[in-house]
Amino acid sequence: MGLTGAVLLGGCADLMQRSTIAPDWFQAKAVEVKGEGYPKLKDVPETRGNNTGGVTAWKSDADSLKAQAAQLEAKAAEPNPSDDEVRATAAQLRAQLDSGQPADPGKAPKP
């Protein structure tokens, strides 16, 4: 019995020694849970400085977006081609393909 007790006691001592060595992430989490490592409110600066440098960039971006929106609205206002116009365009493209001419997507025939 004495030998078994000594072995068990040795195992417990070894287990306790292993459990005190925790991974780095565990130690960091323990510091976080304790509330350590956070900045103190007294260390936060009261003034933030001048933040007007981005205003001109924002205005130019807004103007660019408004111009793009106007272009989209103008394009949306154009009437859709009729069925005959679509068929005529398809016939022109088919003839171009049959003749062996390379297709240029930027120069599609207009109905």
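Below, each value reflects all heavy atoms present in this structure, side chains not excepted, and no hydrogens, waters or symmetry copies. Computed from a predicted structure; not experimentally measured.
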Acceptor/donor pairs from residues 59-82 side chains to any protein atom, 3.5 angstrom cut, sequence neighbours excluded:
{"from": "Ser60", "atom 1": "OG", "to": "Ala57", "atom 2": "O", "distance (Å)": "2.9"}
{"from": "Ser82", "atom 1": "OG", "to": "Glu85", "atom 2": "N", "distance (Å)": "3.3"}

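If you chain together ILVMFWY residues whose side-chain heavy atoms come under 4.5 Å of each other, Trp25 ends up grouped with Phe26.
Within 6.0 Å of CG in Asp98 there are more than 12 heavy atoms belonging to other residues, nucleotides or ligands.
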